2 protein chains.
Amino acid sequence: MRLSGPAAWGGQTELADETVLRRAPTERDVAKLAGVSQSAVSRAFTPGASVAKDTRGKVLKAAEALGYKPNLLARSLATRRTNIVALAISNLENPFYVQVVKELSDRLHETNRQILLFITQPGADGDAMLERVLSFKVDALVLAAATASPALAAEFHKSGVPIVQINRPSGLSGISTVCGENELAGERIASFLIAGGHRRFGYVSGTVESSIGKARLDGFSKRLKGHAEGGIQVAYGDYTFEGAAEAARKLLTSARPPDAIFCASDYMAFAVLDVARRELGLDVPADVSVVGFDDVPEASHPKNNLTTYSQPASALVVETIRILDAMIEKPGRPARRREVHGDLIVRGSARLPARGIVTEDTQRIWRE
Amino acid sequence: MRLSGPAAWGGQTELADETVLRRAPTERDVAKLAGVSQSAVSRAFTPGASVAKDTRGKVLKAAEALGYKPNLLARSLATRRTNIVALAISNLENPFYVQVVKELSDRLHETNRQILLFITQPGADGDAMLERVLSFKVDALVLAAATASPALAAEFHKSGVPIVQINRPSGLSGISTVCGENELAGERIASFLIAGGHRRFGYVSGTVESSIGKARLDGFSKRLKGHAEGGIQVAYGDYTFEGAAEAARKLLTSARPPDAIFCASDYMAFAVLDVARRELGLDVPADVSVVGFDDVPEASHPKNNLTTYSQPASALVVETIRILDAMIEKPGRPARRREVHGDLIVRGSARLPARGIVTEDTQRIWRE
DNA sequence: CTGAAAGCGCTTACAG
DNA sequence: CTGAAAGCGCTTACAG
């Protein structure tokens with residue numbers, strides 16, 4: 001290629017300049033133009049470093065002239081900080097996780113960090129893929145709707161890279177987790193539905209393994225004890241729209257269909273609403289009440305008008321970053337577990353109890 | 001901190017080992033354990049490098065024992081290739097762009113590359129944010145539902161970083177673009193609606209500046225010439241759900257409401273469908289036909305059953321990567337423009353013409 | 001405040 | 001096939 005170049009350009013041979021322009025300018029180039037040392041250039045771009053105002057000015061002017069941008073990768077090599085956070089996520093079809101990604105991106109940006117994206121398969125633990133994370137020497141790994149295997153967790157722990165799982169309470173010692181009020185939410189939704197006069201209950205879970213799904217069901221069934229005719233009917237929606245639709249069909253066409261269905265996510269609740277109304281011609285909530293989880297933006301839309309339990313993505317992300325930073329700061333620290341506060345948001349998809357509904361911050365919530 | 005450590009541990013002072021374990025293992029560590037040179041370790045991890053099988057074996061074993069992972073950032077510094085592609089995206093609420101992200105992530109992964117994510121504000125050109133891209137020395141920048149300003153484009157061009165815009169045909173010389181068949185789609189949808197017996201037409205565009213929106217409208221109005229009573233009514237939905245709902249209200253409650261509405265994206269078409277059916281109690285398509293653009297997965301769902309023009313995310317991404325790689329390979333190359341083929345997908349949200357509907361690959365499409 | 005120098009963890013001619 | 005060495009573009013004690 002070196003040889004064919006000049007020939008292809010018709011025998012012209014002024015390659016020298018070309019070569020110079022080809023390469024992105026470095027601190028050395030800036031230093032030469034500004035008439036200072038390379039270290040001076042480095043200092044001019046390091047907040048808080050000791051440089052004379054005058055020197056800094058000359059450097060910045062020269063940098064501007066050359067279009068110099070500090071090479072963050074080289075900086076990372078020297079500082080052992082990449083300012084890159086890996087995000088593994090499996091369920092971007094669910095608007096809740098879109099919110100999480102967006103919030104995380106925004107918040108990290110405030111401290112000049114970026115997301116390195118790993119989209120994993122919902123089922124797989126994504127270990128093979130996440131091995132690569134270690135090679136990129138990211139500052140931390142965030143898992144959203146994705147689970148780290150014990151082996152992977154151990155490897156990260158050994159290499160000192162903090163992991164925070166969002167919405168996956170994990171028993172693994174090295175992994176911090178941030179969740180919503182899963183069990184409490186289940187209890188309060190149960191109370192709400194009992195107060196609304198319901199008798200037969202269904203639960204659309206995500207997957208069998210889902211620990212948050214289990215926690216929500218635990219709270220739900222604990223409070224329902226003695227109030228549920230024939231126990232709680234559980235169906236699995238796989239956290240997908242189609243899966244949840246199928247689960248809804250199963251529940252609502254069973255011998256004794258539930259008159260209230262709690263769904264492990266708003267996204268699945270939308271599918272349940274559609275099956276109930278459009279396919280089966282049921283009246284919601286007269287025939288069946290539907291309650292979701294997350295309070296995604298679409299839940300408040302008139303066409304869904306979904307009663308749900310909020311799990312604010314922004315609070316989840318703020319807490320995630322707080323933990324992350326603490327772990328980066330002091331690598332030795334044990335993992336933390338945090339729950340983010342939510343509320344039962346009352347809308348029109350579930351029958352209303354006679355009392356307990358209050359208005360707060362423009363939304364109607366329920367207090368027992 | 002150095003000082004307080006040992007004291008906090010009760011006066012114990014065996015810090016040395018601790019320090020050794022703290023650091024991630026490097027080629028030197030592996031080399032020492034394997035009894036070879038550091039370069040030999042490097043070669044063992046470089047596909048195609050000349051290493052004796054035996055040497056390679058020793059290295060791999062030692063690496064395994066130490067939990068060594070090559071530092072990709074250091075490699076990048078030496079090779080001037082980061083294997084990171086920046087993706088700027090503004091509209092993750094729209095499922096079409098979720099598909100784009102997912103496809104791009106999957107395809108890049110096949111060649112061991114990752115996405116560095118930049119979520120930009122829909123309105124802003126995101127220049128400030130994208131400046132950072134240059135510092136990360138990514139191999140390329142992909143813009144999806146995001147636009148580079150001429151100034152930014154020039155800066156990237158100067159630094160030799162290829163840019164490909166998805167769905168934003170750009171006049172800027174340095175920028176390659178990949179789009180669907182915007183103008184052709186507009187024409188064919190117009191023909192389809194004329195054949196379906198419509199007379200009054202509406203168009204829900206995204207934003208005033210949107211060049212793809214303009215191209216679609218151009219094709220649409222060109223073919224509609226002489227068939228549209230009182231011209232085409234245009235409203236802007238801002239590519240958002242709420243914006244499109246508002247646009248639909250405006251069109252459908254006007255003095256002479258359209259009997260056919262073409263929407264610049266499926267996502268906006270969903271809002272239009274909801275307003276037409278639920279808010280205004282119209283029958284779709286008896287009272288009004290609605291046609292979308294993109295053919296996102298939700299479009300085929302029974303509840304939407306949307307007639308639309310396909311713009312396959314996978315093909316778009318494949319083409320994007322092809323162009324990207326060509327530009328990385330030969331930096332001098334002029335920008336390219338590609339159109340990805342689509343079809344008019346016939347479903348139930350628009351009245352059917354008497355003829356031209358054929359079945360292909362399990363879907364019904366329309367051929368004039 | 002400043003420059004020379006060592007080092008971050010790799011790759012890659014070069015000489016053997 | 002292999003090792004010593006230079007270099008990728010930064011940061012950061014160190015000495016002045």
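Here the structure is a predicted model, which is why all the values come from computation and not from measurement. Note on naming: letters A, B, ... go to the chains in the order of the sequence lines (proteins, then strands), and numbering restarts at 1 for each one. As a basis for the values below, the full set of heavy atoms in this structure was taken, side chains included, without hydrogen atoms, waters or symmetry mates.
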Q: Report the distance from atom CG of B:Leu73 to atom P of D:dG9, rounded to the nearest whole Å.
A: 14 Å

Q: Might you point out which heavy atoms bring B:Val138 and B:Ile84 nearest each other, and give the distance in Å?
A: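 Closest approach of B:Val138 to B:Ile84, heavy atoms only: CB-O, 3.4 Å.
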
Q: So do the side chains of B:Leu73 and B:Leu77 get within less than 4.5 Å of each other, counting heavy atoms only?
A: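 B:Leu73 vs B:Leu77: side chains apart.
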
Q: Does A:Ser37 make a side-chain N or O approach to OP1 or OP2 of C:dG3 shorter than 4.0 Å?
A: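 A:Ser37 to C:dG3 OP1/OP2: side-chain N or O found under 4.0 Å.
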
Q: On a heavy-atom basis, which atom in B:Leu92 and which in B:Val98 lie closest, and how many Å separate them?
A: O-CG2, 3.3 Å

Q: Sort out for me which residue in B:Ile163, B:Val178, B:Val85 forms a side-chain contact (heavy atoms from CB on, under 4.5 Å) with B:Leu324.
A: B:Val85

Q: Taking all non-hydrogen atoms of both residues into account, name the closest pair between B:Arg81 and B:Ile328 and its distance.
A: NH2-CG2, 3.1 Å

Q: For B:Arg28 and C:dG7, what is the distance between atoms CZ and C1' respectively, to the nearest whole Å?
A: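 For the pair B:Arg28 CZ and C:dG7 C1', the rounded distance is 10 Å.
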
Q: Closer than 4.0 angstrom, basic N to acidic O: yes or no for A:Glu110 and A:Arg107?
A: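 Answer for the salt bridge query: yes.
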
Q: Could you tell me whether the side chains of B:Thr111 and B:Arg113 share a donor-acceptor contact shorter than 3.5 Å?
A: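 On atom types as modelled, these side chains qualify, holding a pair under 3.5 Å.
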
Q: Send over the distance from A:Lys137 NZ to C:dC10 C1', rounded to a whole Å.
A: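 Result: 11 Å.
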
Q: Any chance CZ of A:Arg337 has more than 12 other-residue heavy atoms, nucleotides or ligands included, within less than 6.0 Å?
A: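 Counting neighbours around CZ of A:Arg337, more than 12 heavy atoms of other residues, nucleotides or ligands fall under 6.0 Å, so yes.
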
Q: Could you give the CZ-to-P distance, from B:Arg81 to C:dG9, as a whole number of Å?
A: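 Going from B:Arg81 (CZ) to C:dG9 (P), I get 24 Å.
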
Q: Polar atoms only, N or O, under 3.5 Å: list the protein pairs with nucleotides 12-14 of chain D and their distances.
A:
from: D:dA13; atom 1: N6; to: A:Arg43; atom 2: NH2; distance (Å): 2.9

Q: Rounded to whole Å, please give me the gap between CG in B:Leu72 and C1' in C:dC8.
A: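 It works out to 15 Å between those atoms.
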
Q: Give a yes/no answer on whether the side chain of B:Arg75 brings an N or O atom under 4.0 Å of OP1 or OP2 in C:dT11.
A: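 Yes, within the criterion.
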
Q: Of all residues at least two apart in sequence or in a different chain, which pass the side-chain hydrogen bond (donor to acceptor under 3.5 Å, both in side chains) check with B:Thr82?
A: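 With neighbours one apart ignored, the set is B:Asp139.
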
Q: Just so I know, are the side chains of B:Thr26 and B:Asn71 near enough to count as touching, which here means a heavy-atom distance under 4.5 Å?
A: no

Q: Tell me which residues in residues 60-71 of chain B lie within less than 4.0 Å of DNA chain C, going by non-hydrogen atoms.
A: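 Here the set is B:Tyr68, B:Lys69, B:Pro70, B:Asn71.
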
Q: Roughly how many Å apart are C:dA13 and C:dG9, using the P atom of each and rounding to a whole number?
A: 23 Å

Q: Under the ring-ring contact (aromatic ring centres under 6.0 Å, His included) rule, collect the residues that match up with A:Phe45, sequence neighbours excluded.
A: A:Tyr68

Q: Under a 3.5 Å limit for both distances, which nucleotide forms a Watson-Crick or G-U wobble pair with D:dC1, could you say?
A: C:dG16

Q: Is there a residue in residues 52-59 of chain B whose heavy atoms reach under 4.0 Å of DNA chain C, and which residues are they?
A: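 Result for residues 52-59 of chain B: none.
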
Q: Specify the separation, in whole Å, of atom CG of A:Leu77 and atom C1' of C:dA6.
A: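 About 13 Å, once rounded to whole Å.
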
Q: For residues 144-157 of chain B, pull every pair meeting salt bridge (Lys or Arg N to Asp or Glu O under 4.0 Å), keeping only residues two or more places apart or in separate chains.
A: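 Salt bridge (Lys or Arg N to Asp or Glu O under 4.0 Å) check on residues 144-157 of chain B returns A:Lys69-B:Glu155.
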
Q: Could you work out the separation of C:dT12 and C:dG16 based on their P atoms and round it to a whole Å?
A: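 Approximately 22 Å lies between the P atom of C:dT12 and that of C:dG16.
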
Q: What is the separation between atom CZ on B:Arg80 and atom P on D:dC10, rounded to the nearest whole Å?
A: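 B:Arg80 atom CZ is separated from D:dC10 atom P by 11 Å.
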
Q: Would you kindly give the CD-to-P distance between B:Glu27 and C:dT11, to the nearest whole Å?
A: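 The distance from CD of B:Glu27 to P of C:dT11 comes to 5 Å, rounded to the nearest Å.
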
